[in-house]
Amino acid sequence: MSDKLKISFEFFPPKTEKMSEQLWSAIEQLVPLGPDFVSVTYGAGGSTRDRTHQTVSRIIEETHVPVAAHLTTVNATKDEINQVLDDYWNAGVRHIVALRGDPPGGVGEKFEATEGGYYNAAELAKAATDRHGFEVSVGCYPEKHPESPDFALDIELLKQKVDAGATRAITQFFFDNDCYFRYVDMVRKAGITIPIVPGIMPVNNFGALTRMAGLCGATIPGRIGRMFENLDDDPETRELVAATLAAEQCLDLAEHGIEHFHFYTLNRAKMAYALSHMLGVRPNSGNSQD
Ligand code: FAD
């Protein structure tokens, strides 16, 4: 395992007191692993603007872990977004995950940029770097963005995000590593050199995941579907299957030299912790060299 291995964890802002307890329990378990950063999502259409800010601020106040705030262009003018950028900067945030966001009417609807707003992620990335010199990460799509007619446009847009100042791209979740490897090949051939960090989504609710994957354009290989057959009423076996699959995926990526893993935690620590451990990451003491 590489001694340069990095991990990062993605959380979403909690809605209720109970969800907040779950999030903080996850943060307390995962932060000792020394993640490169943790990130907090921005709800569809900007719906969690205040909650994202509160969550990010609390992480800054109560931990020493670097935190990245997701931000989207949706439902906000440039002035409004600039204000959010200023508020983040003043709260001590130094890293933005700049995203266009999904159509306000829901994934699958036609996207219309907000009048007077930023047009896409590249424009938002440029605003974040120009305004305060934020470190900027962006999203990318190993199976291409569902709205893109082809990979060529997607990769051209990724190039624009890099030109705008992005220094890291985090992928949409995927389950077939070959898709990721093919995508990285295309990106490198296009002259893009920033890290393409795989976003790992451990499957724990197969039904929900199938719906989400359909919307995001992520393919679920048939073999994975078959592994979850007849397990609807058996959460323990489902969890073991999910852990095994995610472990297989991460270890294969690590064998191919991947040095940074971004975990979509869904505010739960257990799976992300176990996967990090398997990759050689240990609490507070750096990475173990096996
Ligand atoms: P962009 O790269 O700007 O573009 C998306 C698509 O729009 C392109 O693929 C293309 O089809 C079209 N497009 C853009 N510009 C042009 C152009 N100039 N010409 C022609 N077509 C164009 N969503 C949230 O709401 N909140 C989050 O916190 C969040 N976090 C995410 C984290 C990651 C790591 C990822 C991968 C996605 C996340 N998303 C989030 C989802 C994301 O907002 C959607 O996938 C959205 O549809 C695209 O965002 P983008 O930043 O990739 O957009």
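Whatever order the structure lists them in is the order used to number ligands and atoms, beginning at 1.
Applying the 4.0 Å criterion to heavy atoms of Gly139 picks out, from ligand 1, the atoms 36 (C). Listed by number with element, the atoms of ligand 1 under 4.0 angstrom from any heavy atom of Gln172 are 36 (C). Residue contact check: Ile170 has heavy atoms under 4.0 Å from atoms 34 (C), 36 (C) of ligand 1. Atoms of ligand 1 found under 4.0 Å from any heavy atom of Thr41 (numbered from 1 in listed order, with element): 28 (O). Distances below 4.0 Å separate heavy atoms of Leu157 from the following atoms of ligand 1: 8 (C), 9 (O), 10 (C), 13 (N), 14 (C), 15 (N), 16 (C), 17 (C), 18 (N), 22 (C). Which parts of ligand 1 touch Asp154 is read off a 4.0 Å heavy-atom cut-off, strictly below it: atoms 9 (O). Interface atoms of ligand 1 facing Glu147, defined by a heavy-atom separation under 4.0 Å, are 7 (O), 11 (O). Atoms of ligand 1 lying under 4.0 Å from at least one heavy atom of Ser148, given by number and element, are 8 (C), 9 (O), 10 (C), 11 (O).
Taking a cutoff of 4.0 Å between a charged side-chain nitrogen and a carboxylate oxygen, Asp86 and Arg131 qualify as a salt bridge.
Ser25 pairs with exactly one of Glu28, Glu21, Gln29 by the side-chain hydrogen bond (donor to acceptor under 3.5 Å, both in side chains) rule, that one being Gln29.
An N or O contact shorter than 3.5 Å is missing between Gln160 and ligand 1 by distance.
Closest to atom 42 (C) of ligand 1 among all protein heavy atoms lies Tyr141 OH, 3.7 Å. With respect to atom 12 (C) of ligand 1, the closest heavy atom belonging to the protein is Arg100 NH1, 3.9 Å. Of the protein's non-hydrogen atoms, Tyr42 O, 3.4 Å is the one closest to atom 24 (C) of ligand 1. At the shortest separation from atom 44 (C) of ligand 1 among protein heavy atoms lies Asp102 OD1, 3.2 Å. For atom 32 (C) of ligand 1, the nearest non-hydrogen atom of the protein is His70 CE1, 3.7 Å.
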Let me see the working for Gln83 and Asp87 under side-chain hydrogen bond (donor to acceptor under 3.5 Å, both in side chains), right down to the final yes or no.
CA-CA 6 Å; Gln83 185 61 54; Asp87 291 345; 3.0 Å; yes

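Using a 4.0 angstrom heavy-atom cutoff, His262 does not count as in contact with ligand 1.
The ring-ring contact (aromatic ring centres under 6.0 Å, His included) pairs that include a residue from residues 67-106 are Phe37-His95, His53-Tyr88, Trp89-His132, Trp89-Phe134, where partners are two or more places apart or lie in different chains.
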